[in-house]
Amino acid sequence: MPITELLERNARQYPNEVSLVEINPDIQEKRRVTWRDYELIESSPLCHYRREITWHVFDEKANRFAQLLLSRGIRKGDKVAILLMNCLEWLPIYFGILKTGALAVPLNFRYAPDEIEYCLNLAEVDVLVFGPEFIGRVEEIADRISQNRLLFYVGGDCPSFAEDYDKLTANCASLAPGIPLTDEDDAAIYFSSGTTGFPKAILHNHESLMHSCKVEQKHHGQTKEDIFLCIPPLYHTGAKMHWFGSLISAGKAVLLKGVSPHTILETVSNEKCTIVWLLVPWAQDILLELDSGKLKLEDYHLEQWRLMHIGAQPVPQSLIRRWKEYFPKHQYDTNYGLSESIGPGCVHLGVENIHKVGAIGVAGYGWETKIIDSEGNEVPQGEVGELAVKGPGVMTCYYNDKEATDEVLHGDWLYTGDMAEMDEDGFIYLVDRKKDVIISGGENIYPVQIENFLSKHDAIKDVAVIGLQDDRLGEIAAAIIELKPDMLCTEEEIETFCKALPRYKRPRKIFFADVPRNPTGKIEKPKLRKMYQSENLVDAQNRG
């Protein structure tokens, strides 16, 4: 069934129960303020900005936006883009779009003006909904993008080149539009990370979204009593699809703006969160603060927190070992996925398999997997090949890009571009991105393996390994190492540590610097390659 029916069911069965909470620690309020839909609740002289809505209000707001879109001529198959930071309006807007039969098109909040314009044109977007953080970027391209599309603004002080979302929807009916939808209808367009240039538009139907709900609930056993803490950006399939577990179970979710260790634990404590999805850097920061004594677990109420799971990147075994020392009762899971497979869950570890930490896991609920060679044949167990997945969450296509679609869709199978291997128990281990493999002197070097090894060093907080051009070997491995606060380390110490690796896998270059990651926690390796390749060339010229 279409995913909109889950929202309508929750509004009927649990109209007065809280569906969403927004917390922003950067805004402080000194008074209690209430109005028709929202409430700021003061719990201390300077409390965090907090808003909440019930399932009834959630559905009503979605209906109002749907009615606005319909009144402006938006019809089934049209596209509506969302350019918002995480906020209480985000999900009602998303579902309002779906209720019209139009496609929701979330945009990365880091996009520059030219990327915003590119994505709007690629997806053939008819409406752009944006927030206050993006006024400058949208204004820069407003003359061009407003010629053939509507611009709605969410927030106070609406700019002159857009229309005020709040005022417009307040005058719209709150009745469901009643547009018939099927599982096969197109539902959303998400964008790839754009690691090889401008992003590709990924088209999903309602069946994909609905299957994501089922996968999340099946893997993590979510019930109505669970409270999910959502920190990553909702534009990305990862955060959205994990929240779908709250939708299908009618559980409350908390949208937190802020990733400091104290803010995360304070929110878990105050909101009684039971499930938290973290990215590796955030988990590392929490552990560092606990190790230093800046955070004390006894200052928070965390007994109800039952599950911590991580996705979006390989997880060092040492991180989970340390996590379990502080949180011995926590269930743990890791999820693998990509936007082309509607986000996390096509492969997952499973809370019962913590003894296999290091693996990304086994095929998820309703999914099939195989590891293949360059000809599409399955490789023997233990050999490295490309991971392929098959299931109801595979994308329909790359929108308006048949050539790119044909490269990754082969029948019902999606070729992920990730290199992996399977152990004797059937657990899959991610080796690296196909395009990130370093070929040095004819040998394949997989950066993730070196990163996992280096992460065991006591002084290292984060590490990225990339390939740099080399006249003699073709490429060499370079390690960019981010040290823990107040820790010192030298190149010679790292070189000595790496003697435990085979010689061809040892990094030939070592740089001490911060490791850049995107909002979903993935290392920005194209940026690092561009940055350090120039340094490598200068160094080579000096040697010459």
Side-chain angles (χ1 to χ4, degrees), residues 23-26 48 85-86 109-110 228-233 236 238-239 242 254-271 273-302 305 307-335 344 357 448 451-452 454-464 479-489 512-525 527-528:
I23 294 178
N24 188 343
D26 294 331
H48 295 330
M85 303 298 286
N86 282 10
F109 62 64
R110 286 191 176 181
F228 171 54
L229 177 59
C230 181
I231 310 171
H236 193 267
H242 284 312
V254 179
L255 306 177
L256 172 64
K257 294 183 178 181
V259 298
S260 76
H262 168 70
T263 297
I264 292 172
L265 293 192
E266 181 183 53
T267 304
V268 172
S269 178
N270 292 345
E271 299 295 331
C273 299
T274 63
I275 298 176
V276 181
W277 179 41
L278 296 175
L279 302 180
V280 165
W282 305 341
Q284 288 173 327
D285 289 343
I286 290 172
L287 291 173
L288 287 173
E289 295 280 273
L290 290 171
D291 288 344
S292 69
K294 294 178 181 177
L295 280 184
K296 297 185 184 337
L297 293 182
E298 58 267 26
D299 293 339
Y300 307 94
H301 299 288
L302 306 174
W305 185 1
L307 171 66
M308 186 278 275
H309 58 112
I310 291 181
Q313 67 217 83
V315 183
Q317 292 173 284
S318 57
L319 186 153
I320 303 307
R321 184 179 64 252
R322 290 173 59 216
W323 189 271
K324 291 291 284 183
E325 290 173 0
Y326 281 108
F327 302 97
K329 295 182 179 180
H330 274 189
Q331 293 177 307
Y332 168 73
D333 194 13
T334 187
N335 297 274
V357 167
V448 166
E451 290 163 0
N452 287 341
L454 285 169
S455 69
K456 299 173 185 176
H457 192 289
D458 290 340
I460 294 177
K461 176 186 176 184
D462 204 359
V463 58
I480 295 86
I481 293 172
E482 182 177 342
L483 297 175
K484 294 176 182 177
D486 304 321
M487 296 293 280
L488 299 175
C489 193
F512 292 101
D514 290 345
V515 175
R517 291 180 179 268
N518 68 19
T520 61
K522 294 178 182 176
I523 297 171
E524 297 184 305
K525 290 195 174 181
K527 179 186 291 185
L528 289 173

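Count residues from 1 along the sequence.
Using a 4.5 Å heavy-atom threshold, the side chains of Gln284 and Leu319 count as touching. Taking the side chain as every heavy atom from C-beta outward, His242 and Cys230 never approach each other to under 4.5 Å. Inter-residue side-chain proximity for Asn86 and Leu256 is flagged as unmet; no heavy-atom pair is nearer than 4.5 Å. Using a 4.5 Å heavy-atom threshold, the side chains of Leu288 and Pro485 count as touching.
For Lys527, the side-chain hydrogen bond (donor to acceptor under 3.5 Å, both in side chains) test picks out Glu524, with sequence neighbours left out. Residues passing the side-chain hydrogen bond (donor to acceptor under 3.5 Å, both in side chains) test with Tyr300 are His262, sequence neighbours excluded. Looking at residues two or more places apart in sequence or on another chain, you find no side-chain hydrogen bond (donor to acceptor under 3.5 Å, both in side chains) involving Ser455. Under the rule for a side-chain contact (heavy atoms from CB on, under 4.5 Å), the partners of Met308 that lie at least two apart in sequence or sit in another chain are Leu278, Trp305, Ile310, Ile320, Trp323, His330, Tyr332. When the side-chain hydrogen bond (donor to acceptor under 3.5 Å, both in side chains) test is applied to Asp462, the partners found at least two apart in sequence or on another chain are Arg517. By the ring pair (Phe, Tyr, Trp, His ring centres under 6.0 Å) test, Tyr326 pairs with no residue at all, sequence neighbours left out. Listed by chain and residue number, Ile466, Phe511, Ala513, Val515, Leu528, Tyr532 satisfy the side-chain contact (heavy atoms from CB on, under 4.5 Å) test with Ile480 (two or more places apart in sequence, or in another chain).
Here His457 contributes atom NE2 and Met487 contributes atom CE; the two are 8.0 Å apart, rounded to the nearest 0.5 Å. For the atom pair CG of Leu287 and CH2 of Trp282, the computed distance is 15.0 Å after rounding to the nearest 0.5 Å. Between the NZ atom of Lys257 and the CD1 atom of Ile23 there is a distance of 12.0 Å, given to the nearest 0.5 Å. Taking NE2 of His309 as the reference point, atom CD of Gln331 lies at 10.5 Å (rounded to 0.5 Å). Here Thr267 contributes atom OG1 and Leu229 contributes atom CG; the two are 6.0 Å apart, rounded to the nearest 0.5 Å. Rounding to the nearest 0.5 Å gives a distance of 8.0 Å between CG of Leu279 and CD1 of Ile231.
Within the structure, salt bridge (Lys or Arg N to Asp or Glu O under 4.0 Å) pairs that include any residue of residues 277-301 comprise Asp285-Lys461, Asp291-Arg322 (at least two apart or interchain).
Of all the heavy atoms in Leu302 and Ser269, the pair that sits closest is CD2-N, 4.2 Å. When every heavy atom of Ala459 is checked against every heavy atom of Cys489, the shortest pair comes out as CB-CB, 4.4 Å. In terms of heavy-atom proximity, Trp277 sits nearest to Gly238 at CZ3-C, 3.5 Å. The two atoms that bring Gly258 and Thr263 nearest to each other are O-CG2, 4.3 Å, heavy atoms only.
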Requested in this report: Would you sort out whether Leu265 and Leu297 count as a side-chain contact (heavy atoms from CB on, under 4.5 Å), showing the intermediate values?
Outcome: CA-CA 9 Å; Leu265 293 192; Leu297 293 182; 4.3 Å; yes
